[in-house]
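Presented below is the structure to which this report refers.
Note that the structure is predicted; figures quoted are calculated from it, not measured.
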Amino acid sequence: MNRHNYLRVFIALLVSRTNDKAQLAPYRASTIDPLTGLLNRGTLLNHLDYSFTTMAFIIVDVNRFKHVNDTYGNWVGDQVLRATASVMAQCLGSFGRVGRLGGEEFALLASNEHRTTLVRELDSFRQRVAGTPILTNAGQVSITISAGLAKQHGDQTFEQLFSRADRALHTAKKSGRDRIVVAEGLDI
């Protein structure tokens, strides 16, 4: 192959790679939360994986997040959300799909086959967040999280599962925050 042909192949590879990236960009924008890099709400909730034998749904809330934004500004708030998302993905990503619901709320859609381990790791995540200040442009910021967990029962719809997890989260927040509440009817 002469130099001219090598140049054509090289240009073709560059164009191909550029086209691949251009095609991935809209897909990524439609499925990934741009701030945290986690699945966005639509992807997490609209493409449910019903292949799980039983499903568990967890909603996680950064406690008193408005105070973080009001005290340090939205830029620091964004850093806190990114750090929380990263730790959640590290601690819980092996259990299922981790995503951002919006604002300061995150979620995990998981198989419930290993629920005792899941609850233990969820509590480990909670402790890690509470015990590790986040380094931001404004210095160290300490936060805590609350979580609500629900397990799918029989023919229960996802909306019912979501509602039960949401109620468990509200119970966690009302009973002092920095805790995990498991929805009624879940034998742990």
Determine the minimum heavy-atom distance between Phe57 and Ala165, stating which atoms define it.
-> O-CB, 3.6 Å
Salt-bridge contact Arg120-Asp123 (side-chain N to carboxylate O under 4.0 Å) | no
Thr84 side chain to Val80 backbone, donor-acceptor under 3.5 Å | yes
Inter-residue atom distance Arg128.CZ - Met88.CE, 0.5 Å rounding | 13.0 Å
Is there a side-chain contact (heavy atoms from CB on, under 4.5 Å) between Leu169 and Glu105 once you walk through the steps?
-> CA-CA 10 Å; Leu169 170 63; Glu105 286 192 341; 3.6 Å; yes
Sole residue of Val76, Asp33, Leu35 in side chain to side chain contact (heavy atoms under 4.5 Å, CB included) with Leu81 = Leu35
Side chains of Ser146 and Asp61: donor-acceptor distance under 3.5 Å anywhere?
-> no
Shortest non-hydrogen separation from Ser175 to Thr171 and the atoms involved = OG-O, 2.7 Å
Could you pull out the closest heavy-atom pair between Arg164 and Ala150, with the gap in Å?
-> CB-CB, 3.8 Å
In this structure, CD of Gln156 is separated from CZ of Phe162 (nearest 0.5 Å) by 13.0 Å
Path from Ile58 to Val181 over hydrophobic side-chain contacts below 4.5 Å = no
Considering only heavy atoms from C-beta outward, does the side chain of Ile32 approach that of Leu39 to under 4.5 Å?
-> yes
Asp178 to Ala130 - nearest heavy-atom pair and separation = OD1-CB, 4.1 Å
Are any of the side-chain heavy atoms of Leu122 and Leu108 separated by less than 4.5 Å?
-> no
Over all heavy atoms of both residues, which pair between Ala147 and Val60 is shortest? Give the atoms and the distance, please.
-> CB-CG2, 4.0 Å
To the nearest 0.5 Å, what is the distance between CZ (Arg100) and CZ (Arg82)?
-> 10.0 Å
When rounded to the nearest 0.5 angstrom, what distance separates OG1 in Thr116 from CD in Glu121?
-> 11.5 Å
Mind listing the closest non-hydrogen atom pair of Ala183 and Ala168 along with its distance?
-> N-CB, 3.9 Å
Begin from the C-alpha positions of Leu109 and Phe158 and carry the test side-chain contact (heavy atoms from CB on, under 4.5 Å) through to its verdict.
-> CA-CA 10 Å; Leu109 180 62; Phe158 180 75; 4.0 Å; yes
Start with the C-alpha gap between Val87 and Phe125, add the side-chain angles, then the distance that decides, and say whether side-chain contact (heavy atoms from CB on, under 4.5 Å) holds.
-> CA-CA 7 Å; Val87 173; Phe125 162 62; 3.7 Å; yes
Interatomic spacing from CD in Gln127 to CD1 in Ile145 - rounded to 0.5 Å | 10.0 Å
Kindly check if the number of other-residue, nucleotide or ligand heavy atoms within 6.0 Å of CZ (Arg167) is above 12?
-> yes
Evaluate the side-chain proximity of Leu135 to Gln140: yes if any heavy-atom separation is below 4.5 Å, no if none is.
-> yes
What's the verdict on side-chain contact (heavy atoms from CB on, under 4.5 Å) for Asn137 and Trp75, showing C-alpha distance, side-chain angles and the deciding distance?
-> CA-CA 8 Å; Asn137 293 345; Trp75 185 260; 2.8 Å; yes
Would you indicate whether the side-chain heavy atoms of Phe106 and Thr36 approach each other to under 4.5 Å?
-> yes
Which one of Val129, Ile143, Thr144, Val68 satisfies the side chain to side chain contact (heavy atoms under 4.5 Å, CB included) criterion with Val62?
-> Ile143
Can you measure from CG (Leu101) to CD1 (Ile59) and round to the nearest 0.5 angstrom?
-> 6.0 Å
Paired with Arg41, the side chain to side chain contact (heavy atoms under 4.5 Å, CB included) test is passed by just one of Leu44, Leu45, Leu38, namely Leu45
